Amino acid sequence: MNLINKYKIFLAISVGIIFILISMPANAQLADGSMVKGSDNSVYIIAKGKACWISDANVFNALGFDWKNVKKIRDDELKKIPKGWLIVKAGGNAVYVIVFGVACKVTDIPTLTLLGFDKDMIRNISDAQLKKIPQQLMVIKGKGAPIYIVNNGKAVWIPSENIFNTLGFEMKRVMNVKDDLIGRISTSSLLIRGNDQKIYLVDKYKRYWISSAALFNRLGYDWNSVVDFNDSQINKIPEGEPIK
């Protein structure tokens, strides 16, 4: 084989390799843990072939990432990568989905899975790292108006926009979940508790103290449905006559 033919074969192989690399999906070229960004400031970490949004600098720094490791790619390449959620877990049973800079808590992995999230996406972090990120309970909704707090495997219905705002939630952190997935977990009325351990039933505008544990049980409520808030939040809700 002469030199010219060898060169032609080499050129054909090289062109073929380049074509394969160009044709490969962007996410196939990126290993788990890779960090990428497009032309804007949004940074994503790759997990199981998905680009998970790192929502702000505080989260980025809290998780110990290095800005030097962020690779810039073309916007059209980034667009091809399926999007996922940044999900983290520290020392306890709870897992957290990072939404707009807040770690939204789900008390256990089975509930996270029931809501359609992939447990294989969970990233293990330290308790110290988790403490650097603001936290709240996960809040979800389907196609309809009802919004629910996810608490101890229950979907706790928030009865009005007024109560939603008073308890300090924001619509941008409400996660959209398919209705059939919400239907997998049992629902509950909104029962809240502060530092004094009094439990209140909340309607659209007021809270009503359930005056005894015996009454709570007689009314058929589940202790696992009770959501803990700080007193400053609870005291913003007007109090009605106690339930006796």
Side-chain angles (χ1 to χ4, degrees), residues 23-67 69-126 129-130 132-143 147-150 153 155 169-185:
S23 301
M24 287 173 66
N27 56 324
Q29 302 175 45
L30 297 169
D32 276 9
S34 300
M35 286 181 289
V36 297
K37 70 182 296 295
S39 59
D40 63 15
N41 292 325
S42 298
V43 178
Y44 301 83
I45 186 166
I46 304 300
K48 302 299 178 182
K50 294 183 178 180
C52 304
W53 181 42
I54 304 172
S55 54
D56 63 19
N58 178 62
V59 171
F60 189 98
N61 294 327
L63 296 181
F65 297 138
D66 189 339
W67 294 99
N69 294 331
V70 179
K71 176 184 177 183
K72 188 171 183 179
I73 62 175
R74 298 198 315 265
D75 288 337
D76 62 322
E77 289 181 333
L78 182 59
K79 190 176 181 180
K80 292 177 185 177
I81 307 174
K83 300 303 184 287
W85 293 102
L86 178 56
I87 307 173
V88 299
K89 181 181 184 300
N93 293 325
V95 285
Y96 300 81
V97 181
I98 308 296
V99 185
F100 284 98
V102 171
C104 296
K105 179 182 178 181
V106 181
T107 48
D108 57 89
I109 292 176
T111 300
L112 183 84
T113 303
L114 284 175
L115 291 173
F117 295 95
D118 186 351
K119 66 180 181 180
D120 291 332
M121 301 282 286
I122 296 172
R123 183 182 185 87
N124 289 306
I125 63 173
S126 69
Q129 288 174 316
L130 180 61
K132 295 176 182 178
I133 305 173
Q135 298 173 28
Q136 69 166 53
L137 289 170
M138 179 181 282
V139 183
I140 60 173
K141 74 181 298 296
K143 288 185 178 179
I147 298 176
Y148 303 90
I149 301 167
V150 179
F169 295 117
E170 296 182 66
M171 281 303 301
K172 70 178 182 179
R173 295 194 180 96
V174 176
M175 306 199 69
N176 291 300
V177 175
K178 292 180 180 178
D179 290 331
D180 63 321
L181 297 180
I182 295 176
R184 292 180 181 183
I185 59 180

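Worth saying up front: this structure is predicted, and the values here are computed from it rather than measured.
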Hey, does [Y] have a side-chain heavy atom less than 4.5 Å from the side chain of [X]?
X    : Y    : answer
V139 : M175 : no
L63  : I133 : yes
Q129 : V88  : no
V106 : F117 : no
N61  : K132 : no

How long is the span from the [atom1] atom in [X] to the [atom2] atom in [Y], to the nearest 0.5 Å?
X    : Y    : atom1 : atom2 : value
I73  : L30  : CD1   : CG    : 6.0 Å
N69  : M35  : CG    : CE    : 5.0 Å
I125 : L130 : CD1   : CG    : 4.5 Å
T111 : K105 : OG1   : NZ    : 12.0 Å
T113 : L181 : OG1   : CG    : 11.0 Å
S39  : D75  : OG    : CG    : 3.5 Å

Closest approach of [X] and [Y], non-hydrogen atoms and distance?
X    : Y    : value
I185 : L115 : CD1-CD2, 4.0 Å
A94  : K89  : O-CG, 3.5 Å
F100 : S55  : C-OG, 3.6 Å
M121 : G84  : CE-CA, 4.4 Å
G142 : D179 : CA-OD1, 3.0 Å
G49  : P82  : O-CD, 3.7 Å

TODO: Could you walk me through whether E170 and V102 pass the side-chain contact (heavy atoms from CB on, under 4.5 Å) test, one step at a time?
DONE: CA-CA 11 Å; E170 296 182 66; V102 171; over 6 Å; no
TODO: Identify, with sequence neighbours excluded, every residue that meets ring pair (Phe, Tyr, Trp, His ring centres under 6.0 Å) alongside F60.
DONE: F65, W67
Open item on the list: Considering only residues two or more places apart or on different chains, which pairs with a residue in residues 114-124 satisfy side-chain hydrogen bond (donor to acceptor under 3.5 Å, both in side chains)?
Closed with: none
Task: Single hit among I54, V36, V59 for side chain to side chain contact (heavy atoms under 4.5 Å, CB included) with V43 - done: I54
Task: Partner of I45 by side chain to side chain contact (heavy atoms under 4.5 Å, CB included), out of D32, V70, L86 - done: L86
TODO: Applying side-chain contact (heavy atoms from CB on, under 4.5 Å), run through I109 and I122 and close with a yes or a no.
DONE: CA-CA 9 Å; I109 292 176; I122 296 172; 4.0 Å; yes
Task: Carboxylate-amine/guanidinium contact K178 D180, below 4.0 Å - done: no
Task: W85/Y96 aromatic ring centres below 6.0 Å - done: no
TODO: Apply the test side-chain contact (heavy atoms from CB on, under 4.5 Å) to residues I81 and K50: give CA-CA distance (whole Å), side-chain angles for both, the deciding distance (0.1 Å), then the verdict.
DONE: CA-CA 6 Å; I81 307 174; K50 294 183 178 180; 5.6 Å; no
TODO: Spell out, as yes or no, whether a donor-acceptor pair under 3.5 Å connects the side chain of N58 to the backbone of G101.
DONE: no
